[in-house]
Amino acid sequence: MLDFTSTPIILTLTLGAVGVIIPVISAARKEKNDSLYGGIAFAALAAAIGFVAYQIISKHVLPAAIFSKGVLANDMFGSFFAIAMLIVGIMTTVGSFNYMKGRANPAVYYSLIILSSIGMVLIAYSTDLVMLFVAWELMSIPTYVLAGFLKKDPTSNEAAIKYFLFGALSSGIIIWGISLAYGLTGSTNIEQVIAGFSHLSPDMMPLAILAVGMFIAGFGFKIGLVPFHMWLPDTYEGAPPTISALLAAGTKKAGFAAALRVIIMGAIALNLNWSLALAVIAVVTMTFGNLAAIRQKNLSRMLAYSSIGHAGYILIGLSIAPFSAIGIAAALFHILNHAVMKAAAFIAVAGIITTLSISHIDKLRGLGRRMPITSLGLVISLLALAGVPPLNGFWSKLMLFGSAINAGASVSWAPYLAVAGVLNSALSLAYYGWIIRKMYFEEGESEKRVKEPKSIIAVMIFSIIFMVGIGVYPDPFIQFAKSAVPALTSLSAIH
Amino acid sequence: MQYVLLQAIFLPLLLSPVAYLLGKRLGPNAATWFTFGILAYCTAIMTLASVSGTYEEHYPWTHQFGEFGLVLDGLASPFAIIIYVISTVVALFSKPYMVAKFTAQYEEKMSAQKQVVGDGPTAMVESSSLKTYVNSQIGIYFALYLVMAMGMLGSVLATNLIEFYVFFEVMLIPGFFIIALWGYEAKRRVALLFFFWTHVGAVILLLGFLAIGLNVGSFNYADIHEHAIPHRILALAAVGIIVGLGVKMAAFVVHIWLPHTYRAAPTPLNALSSGAMLGVGAYGFFRLLIMLLPGEYGHFALFLNLWGVATMIYGGIMALVQDDIKKFFAYSSISQMGYVLFGIGTASTLGLSGSEMLFVSHSLGKVILFLMVGAIILQVGTRSITKMGGLAGKMPITATCAMIGVLTIVGIPPTSGFMAEWTMFNGALQTAIQDGSTVRMVSFALGLIATVITMAYSLWMIKRVFLGKLPEHLEKTKEASWYVTGPMMVLAGFTIVIGIYPDIFFNKIIPFMKGLVGV
Amino acid sequence: MTNGLIDFVLVSVALLAIGIYGLSVKRNAIRMLFGVEMIINSANLNLVAFARFIPNSQGQTLALFSIAIAAAEVAVGLALVIVAYRMYKNIDIEDFRSLKG
Amino acid sequence: MDFGSLGLSAGPLNVWMVWILPFVGALIIPAAARVSKNSSGYVAVAFALASAVSAATLIPLALHNQEIHNQIPWISSIGLKAGILADPLAAIMTNVVAWISFLIFVYSLGYMKGDRDLMRFFFWMSFFIGSMQLIVLSDNFLQLFFGWEGVGLASYALVGFWYRDKKKDHVGTEGRTVLGLLDYYSPTQAGMKAFIMTKVGDIMMLAGMFLIFAFAGTFGFRELAANTSWATAMSSQNLLIPAAILLFGGAIGKSAQFPLNEWLLEAMTGPTSVSALIHAATMVKAGVFLVARLGPLFFALAAAGLNMDQFFEVVAWVGAITAFLLATQGMVHTEIKKVLAYSTGSQIGYMMMALGIAGLSRQFVDGYTAGFFHLISHAMFKASLFMAAGSLLHVVGSRFMTDMGGLRRLMPKTYIFMWAAGLGLMGAPFITTGFWSKDAIFGAVYQSGNTWALPIFIMAVITAVMTTFYTTRMIGMVFFGNKSKHVEHLEKDGYHVHEASPVMWVPYGILAALTIGVGILGLTFEHEIHNIFTTYLSSTFGIQSQVGAVATESQQLLGGFLEGVNPIALTASLSAFAIGFALGYVFYIGRFADPAKFVNSNIVFYAIHKFFLNRWYLDALINWTFVVGPLYLARGIYRYFEDKVMEGFNLVPEKTMAGGARILQSTQTGISQSYLYVFGAGILIVVLLLFI
Amino acid sequence: MVDAVFLALSVLTIGSAIVALEIRSLIYGSIALMLTLSGIAGFFLLLDAPFVAMFQLSVYVGSIAVLILFTVMLVRRELIFNKIEDKRRRYAGIGLMLALMLGIGMIIIGSGMKSIETNSPSVDYKKIGEDFLTYYSPALIVMALILASSVVGALTLARREDMTNDQRAD
């Protein structure tokens with residue numbers, strides 16, 4: 001039954017209503033007033049974030065748990081993601097004000113962003129595989145459309161088709177995985193699935209492993225894990241940059257929420273030697289992302305590869321979750337940070353594209369003087385992505401690598417994860433530095449300052465404050481991330 | 001006194017925008033003296049604070065990673081004082097050097113534009129736009145300069161591993177920008193090289209920190225006890241710290257970034273880097289390895305000692321064959337850091353004290369020499385040693401100070417270099433005898449031989465630059481301005497005063513090291 | 001039931017593999033959609049089969065969700081194909097390769 | 001003499017002043033030079049005189065066997081103190097240094113007149129004697145080392161004084177090569193060579209100091225002598241003799257002994273007054289003084305039962321070899337200063353030999369006195385010779401003796417003084433200090449009773465022959481025969497070769513007179529020193545001298561007049577003088593035979609001559625081994641290792657990264673099917689990974 | 001125990017799946033796909049899930065396949081015939097297909113699943129409705145949102161007149 005006091009339900013209903021109503025309003029109204037729909041979406045999302053924050057502060061949220069009897073859990077874990085995802089939603093929305101100006105179908109655009117945001121939020125709240133799957137699809141389907149939203153732009157369409165094909169395949173794989181899990185345990189509620197997994201007879205184990213493998217593939221596609229990453233650079237490059245922001249900062253992170261709920265828990269329950277497999281994937285992923293980014297000439301594409309790299313970092317936290325107390329907290333913290341950093345970077349790119357119509361890195365010469373605030377935002381987000389102190393990216397990477405080293409006490413390979421991560425961070429400086437060099441140290445053809453869109457400036461200022469603020473005084477957010485960590489000890493109760 | 005160290009660290013950071021604005025509005029003089037004033041003030045309050053013994057400040061920071069503390073004890077205060085003294089005097093030197101550099105860059109830019117546009121604007125316009133260009137550049141320069149000084153001091157005063165790391169990284173960024181903006185030749189590539197290498201070093205260091213801090217449960221120095229860390233982790237942590245700091249100190253094998261960087265960087269940055277930044281690496285060995293992990297230090301001491309010997313000999317040999325004077329001093333710095341490393345590996349009170357002292361004296365000497373390089377570049381306009389000669393007659397003050405600098409580097413009394421070297425070598429020998437270790441004996445002997453190499457390359461450099469026949473094209477050379485010679489003379493005075501009365505620093509260092517080795 | 005669970009699951013596996021084959025070989029965008037449909041249907045078959053053998057209704061419920069979602073997905077996919085067709089006058093996926101590297 | 005009555009009494013302050021005053025002078029000189037360019041010379045002389053007077057007040061210490069030991073806190077964190085130690089040894093030495101340098105300073109006023117860098121010159125000269133006095137008066141190793149390096153530094157600065165490297169300031173023959181290396185040194189190079197070569201000795205000395213410090217925990221000479229338990233500990237670890245030899249290494253370097261002798265010759269590039277200072281009073285004497293400082297200490301240890309023989313043997317042998325080696329070379333060179341330089345090295349070798357042999361004999365004090373006496377007499381005549389040679393250079397404008405010739409009528413005073421001092425160097429019988437001191441050395445060597453005594457003695461005698469020969473040769477070449485083409489050329493140009501100004505000839509005149517004067521009173525003088533040292537050694541180190549059998553024997557032979565003179569030594573000394581002088585006379589004064597023809601007449605003579613002229617190939621070999629070879633090696637390492645292998649650390653990551661990036665990019669083909677294919681394969685891979 | 005109906009259905013389903021992918025004409029392919037989907041519906045019936053089978057028939061065969069058919073007919077005639085695939089890719093695809101079949105098949109055959117049979121009565125389809133309205137009710141809401149978004153999105157994408165309204169040239 002619907003529990004109308006539960007945070008996720010309220011979010012779903014209110015935001016869903018707004019999301020559905022916006023196109024209706026648009027159909028009813030004759031004149032096209034782009035900023036109205038954006039404004040509504042912004043207001044709705046802001047209200048939602050305020051509501052979640054209120055729920056957290058007023059302690060109407062359960063402590064972070066993995067399980068509940070229903071399909072949704074009103075817990076800290078979900079709320080943490082809700083805040084992160086809604087921030088991304090807001091940044092995308094605001095960042096799109098300028099981008100969507102004069103483009104067709106703004107109402108649908110904002111409505112789809114809202115609907116997709118609901119999907120992302122609900123994934124984190126889900127405690128049932130069916131719910132998870134449905135939320136997953138709610139997140140995905142609008143983004144297929146959004147990625148191909150520039151109907152006259154062939155690359156946008158190509159990006160959308162590639163994205164869609166992968167998305168469809170992966171939802172098939174996820175359902176396959178769910179079906180196996182259901183078949184083995186007779187339930188779709190994660191608690192019971194896990195319980196069932198942990199009492200599995202040995203001859204059924206291969207099936208459970210197969211299920212976990214399929215979950216990894218299915219969710220890993222969104223996350224951008226190698227070898228399920230191939231669509232990602234193409235799509236991020238071709239899609240409108242604001243939507244790339246949503247994909248990189250939002251859907252990707254929601255994928256981690258799903259992965260955490262399903263893969264990690266399932267694997268732990270199965271007592272698999274799974275973490276090494278994840279660790280291998282993590283290392284391959286981060287190396288692939290950072291290495292391939294080096295020679296990129298398109299800003300969005302470079303950021304896309306960088307986000308593959310970051311998926312690898314975050315996966316470190318997941319893969320050593322059983323061995324280190326702060327592994328998951330670190331991953332969560334990095335998810336939040338990366339969401340903001342990547343969103344800021346992509347929105348800066350959107351700003352650059354809309355005002356100057358350039359996305360080639362060699363053409364960024366002298367940008368630092370042409371668009372100072374956007375450039376500053378981009379630089380700071382790039383440095384934060386690289387993990388340069390004192391910016392927020394530094395702290396979460398610190399925790400990630402720290403947890404890996406910490407886990408070295410239990411598993412001997414864990415420290416090498418940190419080594420790989422650290423080397424990759426250093427490697428990533430090569431291409432981030434490249435962009436910075438182009439923007440600031442090279443003379444452009446024109447040095448005249450151009451007018452920067454106000455909405456982009458707003459996003460930039462917000463993200464600069466966010467990144468530097470956390471960088472200087474990270475403690476509250478570290479605590480927040482820690483509070484959102486599900487207690488893995490509850491698993492032992494099942495055993 | 002309260003908030004002294006907080007002031008000393010954050011005043012430069014907070015006032016760096018002011019320096020930028022001053023430079024932009026009022027020009028180089030204002031920015032220079034403003035920077036000088038801030039740093040001089042900070043140096044003064046810090047020195048006063050250090051006189052009365054150990055001085056500490058603690059502020060809450062994060063739960064996960066510990067407090068934000070600042071400490072000025074027997075180990076930190078010589079490093080801290082010398083770093084700020086160097087920063088203060090190099091600020092003065094920066095003015096003539098950087099203005100000349102900006103002007104040259106401006107002219108280059110203009111001539112490049114002229115080729116495109118055709119005839120350029122009139123000379124009047126050019127001079128006024130040159131002025132604005134120089135003003136804006138000097139503003140940026142001093143803003144970066146202040147941040148760099150703050151980063152170096154911060155790492156020395158930190159009481160927390162993460163805090164150390166943060167400052168450690170912060171000082172790289174201004175360095176990167178200064179090289180990339182106002183360097184020579186392949187400046188951008190080298191800037192990236194510099195940043196990349198030192199960053200890799202720093203993150204390796206970070207791995208070591210994490211290994212320690214997470215196992216102990218706190219990153220504060222005060223809470224870290226070696227026995228709380230599992231053995232396997234401990235060794236890894238120690239290796240991480242050693243490699244990370246080794247990169248910073250440009251020890252042999254991982255030194256390769258340094259010659260490139262020094263060749264491409266503007267000279268004030270060379271001075272600052274050699275005189276202060278490398279020292280942070282040395283400081284790290286004391287604070288992070290010897291103090292926090294004494295047991296591991298015991299295991300690695302001999303290795304460090306030998307590493308130091310290899311570095312000092314290798315750097316010296318490489319310096320012998322350099323023609324570019326900046327590269328020459330780059331290798332010389334590598335060699336000097338080898339000495340410091342050698343001292344760090346001695347595992348005895350006198351050796352460690354000597355090593356710290358050696359860094360102080362290296363700072364003084366090498367900064368004098370880099371100021372000399374700056375003076376030569378300004379006055380002569382070449383960096384090739386073979387194109388110089390006989391400059392002593394034309395630049396007597398520079399030559400005299402350079403000689404004192406060389407003596408400091410070589411370790412000839414009555415300069416501070418000797419005081420450092422004899423204590424250090426003495427300590428090395430004591431350990432060798434106590435352990436009855438032949439390897440240490442040999443390393444001691446090789447260390448002494450390295451001093452001869454140092455002497456050979458330094459004197460040869462002096463001979464080729466200042467002595468001998470004056471080439472015809474240098475007939476018109478003049479003595480450098482007071483902005484250059486003044487700081488040189490101050491530092492030269494320092495090194496002699498310390499050389500004659502080393503207790504200025506020794507009475508802080510030695511009791512501290514006694515406590516350290518006693519543990 | 002005369003047939004064991006494994007029989008259904010094996011059919012389902014075969015269908016999954018064929019679907020993936022279709023996706024990874026076929027050049028025609030619509031035929032790739034066929035592949036997608038096969039994969040989803042194989043999963044549905046699995047679900048219903050499991051639901052019968054457990055026995056339990058949740059599997060069937062999920063199958064229903066899945067069918068509906070597949071419908072939604074296909075609608076979007078077809079719309080994308082149509083847009084592409086309008087632009088390129090073509091639905092050959094191999095021609096959609098401007099994004100690479 | 002009662003100095004107290006003059007109002008000068010010896011106290012700690014006097015002692016401090018002896019070495020501080022020159023430094024103060026050095027510091028004042030730059031300021032004075034600002035007032036008037038020429039004032040620096042007068043300031044320097046004034047301070048040198050003041051220092052000398054302070055030194056003179058210490059003579060009573062020697063006469064009454066007293067010592068002043070005064071300490072002030074210095075590096076209190078290690079517990080080190082600075083201090084002065086004026087014992088009889090130091091008191092005598094400090095006077096030798098002070099007064100001879102004073103005379104040299106006066107000489108310099110004339111010699112350096114008109115030089116553009118007077119301030120620098122006098123600054124370093126003052127610094128030089130200050131450092132030397134610091135060595136002499138230090139009460140501990142560390143402080144001594146300050147002076148030690150100060151001397152090295154000053155020599156570096158002064159040898160390379162004419163840093164503009166004009167052709168006339170070089171040493172050697174332009175274009176002459178030995179083993180492919182130029183035997184032609186510029187002042188700057190010579191200064192560098194001197195500094196670095198002596199530094200090699202210095203680090204040995206440092207190592208020795210540290211070894212002793214590690215065991216004794218102190219650097220103080222008196223503390224070391226007072227409690228010798230450290231020596232026992234070191235001896236048990238077989239470290240005592242190495243430490244002692246390492247300390248002696250410092251002396252080898254500073255005193256230009258074999259194998260670190262080669263710097264001394266090139267040090268001639270400095271102004272002649274500097275050469276005089278280096279050779280007579282300061283630099284090279286520092287090494288001898290160090291051995292004199294430490295010898296008694298080590299002998300006392302030996303007397304206490306520790307084995308120190310090897311140390312003294314090394315000292316004696318190094319001295320003997322150096323004496324012989326350099327004397328051979330002195331016979332063939334034609335640059336007057338170089339000949340003098342060879343002779344210095346050779347004579348210092350004598351001193352070392354004496355000090356070394358002293359430790360091997362029962363009669364320590366005999367050898368000790370002999371060596372020290374020779375130091376004093378050498379200081380006098382060598383300073384005189386150098387200053388005279390400087391005068392010649394000044395006047396003739398060439399450093400080659402072949403450019404002089406027949407000057408005895410043109411420069412009579414210099415001629416006479418040079419004869420006097422030269423006789424001192426030759427050891428002319430009975431009237432020169434050189435005779436007595438050399439004789440004392442021969443005696444000491446002969447009497448020592450050591451196994452090595454005889455070979456060393458023979459070498460010493462041969463060296464004496466050569467010494468007499470080359471001194472005669474030098475005087476003959478310069479003053480006898482016909483005027484050289486160079487001088488004729490000068491006179492043709494209207495330049496009149498004349499005597500130098502009094503400010504120059506008076507100082508070396510005084511010293512020449514002293515050589516003869518003290519020489520006449522030689523035995524008494526030697527006795528006096530002998531007595532002083534006997535008391536000094538016995539009271540300070542407990543070394544008892546046995547009035548041995550040999551001495552009595554000699555007394556019987558020659559009666560009271562030659563008391564303490566060994567007859568065999570005497571005979572050897574006399575005959576050496578006679579042979580050497582006769583040879584020299586034949587070739588160079590009487591000019592009965594042409595030396596060039598003589599040498600070329602026989603392949604053996606020719607080969608030997610060339611061998612000597614090429615300095616036994618030592619300099620070239622050292623240069624190849626330690627300078628040129630390593631430089632080639634360094635270039636090779638730089639070119640092939642640093643620039644290739646180490647640079648790989650920069651390039652390889654760069655290249656691999658770029659290559660890896662290229663490969664990864666090529667996988668991203670843009671074709672959806674291949675992407676999906678990878679996805680499908682990925683499922684299998686992941687499942688496989690999980691099964692592992 | 002494999003009975004004839006099952007066998008027939010299997011052959012129908014898999015065979016028509018292969019035909020759907022391999023036949024040259026896209027139209028016949030669509031029809032073959034319809035057959036496959038119907039085959040699945042047959043399996044559902046075999047598994048005592050008539051409700052799902054109905055749903056399958058109506059949604060898949062009835063709407064999706066028809067939708068596909070229409071789309072096929074929209075495109076130009078020459079496009080509805082197969083372009084010849086790259087041979088290497090084709091063989092690689094077949095290889096992957098076989099590998100997947102073998103791999104996953106082996107896992108399944110090797111597991112304990114082979115012994116699972118049941119004689120228990122099938123589930124009442126009323127239970128499905130109950131699930132929807134109680135336990136899965138939030139999912140149902142989300143489902144509605146999905147459908148809404150897909151409809152809105154698909155319409156927006158497919159609408160032609162927008163192309164002219166778009167004021168910006170990208």
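Reminder, nothing fancy here: chain letters follow the sequence lines and each chain counts from 1.
For residues 643-664 of chain D, a heavy-atom distance under 4.5 Å to chain A picks out D:M657, D:A658, D:G660, D:A661, D:R662, D:L664, given by residue number. At a heavy-atom separation below 4.5 angstrom, chain A is approached by no residue within residues 206-216 of chain D.
One distance of note links CD1 of D:I683 with CD1 of A:I216; it measures 11.5 Å at 0.5 Å rounding. Between the CG atom of A:D234 and the OH atom of D:Y675 there is a distance of 3.5 Å, given to the nearest 0.5 Å. Rounding to the nearest 0.5 angstrom, the gap separating the CG atom in A:L278 from the CG atom in D:L690 is 7.5 Å.
Across all their heavy atoms, A:P227 and D:G682 have their closest contact at CG-CA, 3.5 Å. Taking both residues in full, the closest heavy atoms of D:F679 and A:F228 are given as O-CE2, 3.6 Å, listed atom of the first, atom of the second, then distance. D:S672 approaches A:K162 most closely through the heavy-atom pair OG-CG, 3.3 Å.
D:Q668 places a side-chain N or O within donor-acceptor distance of the main-chain N or O of A:M230, the cut-off being under 3.5 Å.
Environment of CH2 in D:W74: crowded, with over 12 heavy atoms of neighbouring residues, nucleotides or ligands closer than 6.0 Å. Under a cut-off of 6.0 angstrom, the local environment of OH in D:Y632 is sparse, with at most 12 non-hydrogen atoms contributed by other residues, nucleotides or ligands. In the displayed structure, A:F323 atom CZ is contacted under 6.0 Å by more than 12 heavy atoms of other residues, nucleotides or ligands.
In this structure, chain D has no heavy atom under 4.5 Å from any part of A:I161. Proximity to chain A (any heavy atom under 4.5 Å) is shown, for D:V678, by both the backbone and the side chain.
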What's the verdict on side-chain contact (heavy atoms from CB on, under 4.5 Å) for D:L689 and A:I281, showing C-alpha distance, side-chain angles and the deciding distance? CA-CA 9 Å; D:L689 262 180; A:I281 296 174; 4.1 Å; yes
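Top candidate by heavy-atom pairs under 4.5 Å with chain A, chosen from D:V687, D:L676, D:T669, is D:L676. Among the candidates A:A293, A:A292, A:A430, the residue making the largest number of heavy-atom pairs closer than 4.5 Å to chain D is A:A292.
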